[in-house]
Amino acid sequence: MAEEKLLKRGIYCGELRQEHEGEIVTVYGWVNSMRLLGGLTFIDLRDREGLLQVVVNETFAAPALLKEIGKETVLTVSGRVVKRAKPNPDLPSGQVELVAERIDILASSAVPPFVPEGRGAVSEELRFKYRYLDLRNPGMQRNFRMRSQANLRVRNFLDREGFLDIETPMLSNATPEGARDYLVPSRIYKGKFFALPQSPQQFKQLLMVSGFERYFQITRCFRDEDLRADRQPEFTQIDIEMSFAGADELFAIIERLMREVFALRGIEVSLPFRRLPYREAMEKYGTDKPDLRIPFQIEDFTAAAAAWGSDLINGALERGAKVKGLVIPGAGGWSRKQLDEVNETARKLGGKGAIWMRRAEDGFKSSLKIAPYAIAALYEERKIAADALVLLVADAELPALILAGRLREHLGRDFQDKKRLEFLWVTDFPLFFYNEEEKRLDSNHHPFTAPRPEDIPLLDSQPLAVQAIAYDLVLNGVELGGGSRRIHELALQKKVFQLLGLEDREIEKRFGFFLNALNYGAPPHLGIALGFDRLLMLLLGEDSIREVIAFPKTTSSLCLLTGSPSTVSQRQLDELGITVKK
RNA sequence: GGGGUCGUAGUUCAGCUGGUUAGAACGCAUGCCUGUCACGCAUGAGGUCGCGAGUUCGAGUCUCGUCGGCCCCGCCA
């Protein structure tokens, strides 16, 4: 078959303007819609830059040709650009139209299951199945254009700041800590496995030992864990590491990077970002990634609650419970039904329920059996606005804070200013937490995180009191990224591995190469990794990272387009020395 | 692993306390129509009610199981 002769495209459909009037042009595109008026036909032709109205006169084309054209047919049209008698103000190209002098069908299309315009009107299931059609949607086209631009801008910025883009292996070792690994069987060494990287952590530290001083990579990471709106099994990180610098210097670079990226949408980011120690974040917001757009925070009512004379509360207090609460402005007028729903929500979020208090028309009321004057006294003493709702939870301190935090997040949605950006550094994380299941210490961040120098003496005596030089970047309640200063001294790294309960043999086997590297002049270094997909989601105002990933997986980790994961042939399994358990 | 929610025409949905022939809109097909841009008008086709079992004289509707989408908890160093 002879190759089709495609005329050189001079201009995109969506780019035609009044200034092109009178020109003869050739455009390529997909039929977005058609309007047949008998002897006259209008075709809205779409390419990546937008729509253009093509006029087809009866005198020009045989009706047979038009019969073959339908939605999503691929056409090339040549003709003259003319000014419209009646412009369409809704179309950027609406001042002009193209009078067809030649039309060729380059590809026909079956009737599509949905049209590219209707992203919100189609189930996500169908969008996944026909992702290539879904991606024709102008909003999706915008998202991926923005993704491309953001990627370039991050690269250019980091290049200017002296960072080198260095690739690290995708095939490496499984890690004993952290998320579940995706394993890749070795054909040559049967029974041995590579793992896809959860992050390039060790490699980027080795690059610091190698003396590159400033490294970055925009790279794919893999974690075999359950999915969420902001979690996919493979995702992209902006990975950064630098030597001979402190956290303040790193923070400043990341802050400027954020300003750079958000400028793509004309959004001004004010610097520097707020900083909040982890402890304070938990106390005020019940989470380590608070959404600062919500205009109320968690308050402590433990001392006040002792005076209420409630058997329920008193019993809880005797068991060491704390009473944490939210004062929600203007919510005092919520209906009984709404308040019941709040209580139900508290249960669904993993709590026992929530107590409410408010001032009704006929005096103070509460779902807790306490005297109205006690509530009145509380409102008076705490200077709570008369129209505010008080929501309380009683539990051990941490669960109470977490539940109150979740309620704050849930109920605060209506109070958020969607346009506001609240960046936040959460700092001073504990180095370890106690893993109840495994009955041992676990790293809060990862095992390479450095403790504060002044806390090193506490490692043996009070390991849980040791603070790390670790930080998370949070934007509007989403964890955008996290990082830390790394341990660069062999002895300290060994010590931390031991505290994590790793056997010496295991340390040697898994991390021997790494510890060895620390023997040869490892510079002090620190770094951070930012979730590129999450960053784009927030930049574009999307609710899910699936909207910024071209071919994402469903929440049960399936690809509805390709059907992966799928079985493989017995021959492939044999070659790898793998037997599948039934 | 657990909780919630959804699954009916190509699509988005309606379908009451179980009852005769499962509807609407858009899309699609055919015809008419020379200034439409959500074109209009007329006619028509199109359904294993996700799948399987059960209860019942009778199931889109009730029960159980199962598969799939989404949200959340656990998990995500």
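Quick note on labels: first sequence line is chain A, next is B, and so on, each numbered from 1.
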Nucleotide forming a Watson-Crick or wobble pair with B/U56, both distances under 3.5 Å: none
Nucleotide-resolved protein contact map, nucleotides 65-71 of chain B, B/S/- at heavy-atom distance under 4.0 Å: ---SSBS
Geometric class of the A/F511/A/F497 ring pair [parallel <30°, tilted 30-60°, perpendicular >60°]: parallel
Strand contacts (RNA chain B) in residues 73-94 of chain A, 4.0 angstrom heavy-atom criterion: A/R84, A/K86, A/N88
Watson-Crick or G-U wobble partner of B/U11, both distances under 3.5 Å: B/A25
Touch class at under 4.0 angstrom, heavy-atom based, for A/L126 against every strand present: sugar-phosphate
Candidates B/C76, B/C39, B/G10 - which lies nearest the side chain of A/E225: B/C76
Below 4.0 Å: OP1/OP2 of B/C76 and any side-chain N or O of A/K289: no
Euclidean distance, atom CZ of residue A/R180 to atom P of B/C75 [Å, nearest integer]: 11 Å
Touch class at under 4.0 angstrom, heavy-atom based, for A/P447 against every strand present: base
A/E234 with A/R220: basic N within carboxylate O range, under 4.0 Å: yes
Base paired to B/U20 (Watson-Crick or G-U; both N/O distances under 3.5 angstrom): none
Spacing of A/E234 atom CD relative to B/C76 atom C1', expressed in whole Å: 16 Å
A/D291 and A/R408 ion-paired at < 4.0 Å: no
Spacing of the P atoms in B/G69 and B/C64 (rounded, Å): 22 Å
Note: A/D134-A/K129 ion pair, threshold 4.0 Å (strictly below): no
B/U30 - base-pair partner by Watson-Crick or wobble geometry, distances under 3.5 Å: B/A42
A/L349 vs A/G38, nearer the 5' end of RNA chain B by closest nucleotide: A/G38
Touch class at under 4.0 angstrom, heavy-atom based, for A/E117 against every strand present: nothing
Presence of A/R35 side-chain N/O under 4.0 Å of B/U36 phosphate oxygens OP1/OP2: no
Ionic contact status for A/R17 with A/E49, cut-off 4.0 Å: no
Distance-minimising heavy-atom pair for A/G477 and A/E409: CA-OE2, 4.4 Å
Given B/U11, B/U34, B/G74, the nucleotide with the shortest approach to the side chain of A/V122: B/U11
Salt-bridge criterion met for A/E21 and A/K83 (N-O under 4.0 Å): no
Spacing of A/N32 atom CG relative to B/G27 atom C1', expressed in whole Å: 14 Å
Pairing partner (Watson-Crick or G-U wobble, both distances under 3.5 angstrom) of B/C75: none
Sugar-phosphate only, base, or nothing, as touched by A/F42 at under 4.0 Å among non-hydrogen atoms: base
NZ/NE/NH1/NH2 to OD/OE distance under 4.0 Å, A/E72 and A/R46: yes
A/R486 versus A/H446, side-chain donor and acceptor atoms under 3.5 Å: yes
Distance between P atoms of B/U66 and B/G2 (Å, rounded): 9 Å
Atom-pair distance (CG on A/L37; P on B/U36), nearest Å: 8 Å
d(NZ, A/K129; C1', B/G50) in whole Å: 12 Å
C1' gap between B/G74 and B/U17, integer Å: 40 Å
salt_bridge(A/E547, A/R127) N-O dist < 4.0 Å: yes
Gap in Å between the two C1' atoms, one belonging to B/C49 and one to B/A59, rounded: 11 Å
Donor-acceptor side-chain pairing of A/Q217 and A/T168 below 3.5 angstrom: yes
Rounded interatomic separation in angstrom, taking CD from A/E344 and P from B/G4: 10 Å
Counterpart base for B/U36, defined by Watson-Crick or G-U wobble contacts under 3.5 Å: none
Integer angstrom distance from the P of B/C57 to that of B/U48: 29 Å
Touch class at under 4.0 angstrom, heavy-atom based, for A/D224 against every strand present: nothing
Rounded distance in Å between the P positions of B/G46 and B/C41: 24 Å
Watson-Crick/G-U partner (both atom distances under 3.5 Å) of B/C70: B/G4
Gap in Å between the two C1' atoms, one belonging to B/G27 and one to B/A9, rounded: 11 Å
Interatomic distance, A/M34 CE vs B/A38 C1' [rounded to whole Å]: 16 Å
B/A29 to B/G19 separation - C1' atoms, rounded to the nearest Å: 35 Å
Check: A/R231 side chain, B/C75 base, donor-acceptor under 3.5 Å: yes
Euclidean distance, atom CG of residue A/N435 to atom C1' of B/C76 [Å, nearest integer]: 14 Å
With A/A195 via side chain to side chain contact (heavy atoms under 4.5 Å, CB included) - residues at least two apart: A/A174, A/D181, A/L183
